[in-house]
Amino acid sequence: QVQLVESGGGSVQAGGSLTLSCALSGATSNNNCMGWFRQAQGKEREGVAAIYVGDGTTHYIDSVKGRFTISQDNAKNTIYLQMNSLKPEDTAMYYCAAGPIFPLCMMGTSAGSRYRGQGTQVTVST
């Protein structure tokens with residue numbers, strides 16, 4: 001059984017940092033893309049970042065470029081999202097996703113991802 005387990009969410013003040021982790025267990029083949037999407041209350045889902053597991057190529061949405069960094073530890077089947085200079089508009093539930101299509105997996109939809117985690121809340125206050 002494939003599982004994605006996120007951790008690392010929390011509450012911080014604007015300008016602060018958080019690091020999210022996502023561990024993939026179970027069948028890891030054919031999940032060359034891993035990524036993060038978020039959904040704020042009352043808003044649409046938004047893909048945030050993705051990493052191509054094979055060579056570490058990354059992709060970000062414009063609003064997080066220069067602030068967020070996605071990385072991987074292949075030995076642990078784990079990806080990370082280092083979030084710096086957090087803003088109140090980053091407040092959302094953050095989900096991890098995995099699938100075969102880079103960078104589409106970061107949307108967490110069936111079009112590009114096969115698996116999604118349960119989410120971890122990130123709250124940024126002013």
Side-chain angles (χ1 to χ4, degrees):
Q1 183 180 359
V2 177
Q3 279 191 314
L4 290 169
V5 179
E6 303 103 333
S7 61
S11 297
V12 295
Q13 289 190 324
S17 299
L18 283 173
T19 300
L20 307 182
S21 300
C22 172
L24 171 65
S25 62
T28 57
S29 62
N30 297 321
N31 290 310
N32 293 319
C33 175
M34 292 186 71
W36 297 91
F37 66 95
R38 63 189 180 186
Q39 189 158 23
Q41 196 168 7
K43 295 188 177 181
E44 292 187 356
R45 177 185 305 192
E46 180 179 48
V48 175
I51 188 165
Y52 184 70
V53 174
D55 63 8
T57 300
T58 59
H59 178 82
Y60 301 92
I61 56 169
D62 287 346
S63 62
V64 307
K65 285 180 180 176
R67 300 189 298 123
F68 291 11
T69 302
I70 188 170
S71 61
Q72 62 182 347
D73 183 335
N74 288 340
K76 297 180 180 179
N77 290 325
T78 298
I79 63 167
Y80 305 93
L81 187 67
Q82 173 70 42
M83 304 184 293
N84 298 326
S85 302
L86 281 161
K87 303 176 181 180
E89 51 263 44
D90 294 317
T91 294
M93 186 73 82
Y94 283 70
Y95 299 86
C96 179
I101 303 176
F102 173 83
L104 191 58
C105 78
M106 74 181 196
M107 293 303 299
T109 63
S110 59
S113 63
R114 292 199 181 102
Y115 309 104
R116 290 160 290 279
Q118 294 300 305
T120 185
Q121 177 68 36
V122 171
T123 302
V124 184
S125 59
T126 55

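Note that the structure is predicted; figures quoted are calculated from it, not measured.
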Closest heavy-atom pair, Gly108 versus Arg116, reported as atoms and distance to 0.1 Å, is O-CD, 2.9 Å
- Can you check whether Met107's main-chain N or O pairs, donor with acceptor, with Thr109's side chain at less than 3.5 Å? no
(request) Check the pair Asp62, Lys65 against salt bridge (charged side-chain N to carboxylate O under 4.0 Å, His left out), reporting the backbone distance first and the verdict last. (result) CA-CA 5 Å; Asp62 287 346; Lys65 285 180 180 176; 3.1 Å; yes
Separation between CZ (Phe68) and CG (Leu86), nearest 0.5 Å, reads 5.0 Å
Q. Thr120 side chain to Tyr94 main-chain N or O, any donor-acceptor pair under 3.5 Å?
A. no
- Going by the angle between their ring planes, with limits at 30° and 60°, are Tyr95 and Phe37 parallel, tilted or perpendicular? parallel
Exercise for review: Look at the side chain of Tyr60 and the backbone N and O of Ile70, then say whether any donor-acceptor pair between them is shorter than 3.5 Å.
Suggested key: yes
Open item on the list: Please determine whether the number of non-hydrogen atoms from other residues, nucleotides or ligands lying under 6.0 Å from atom OH of Tyr52 exceeds 12.
Closed with: no
(request) Examine distances only and state if a side-chain atom of Glu6 and a backbone atom of Gln118 form a donor-acceptor pair shorter than 3.5 Å. (result) yes
Exercise for the section: Before giving the answer on side chain to side chain contact (heavy atoms under 4.5 Å, CB included), spell out for Val64 and Arg38 the whole-Å C-alpha distance, their side-chain angles and the decisive distance to 0.1 Å. Expected result: CA-CA 12 Å; Val64 307; Arg38 63 189 180 186; 4.2 Å; yes
Note: Ser17 and Asn84 closest approach over all heavy atoms is OG-OD1, 2.9 Å
When every non-hydrogen atom of Pro100 is compared with those of Gly112, the smallest separation belongs to CD-O, 3.5 Å
Note: Ala49 and Leu81 closest approach over all heavy atoms is CB-CD1, 4.1 Å
Residues Glu44 and Gln39: closest non-hydrogen pair is C-NE2, 4.1 Å
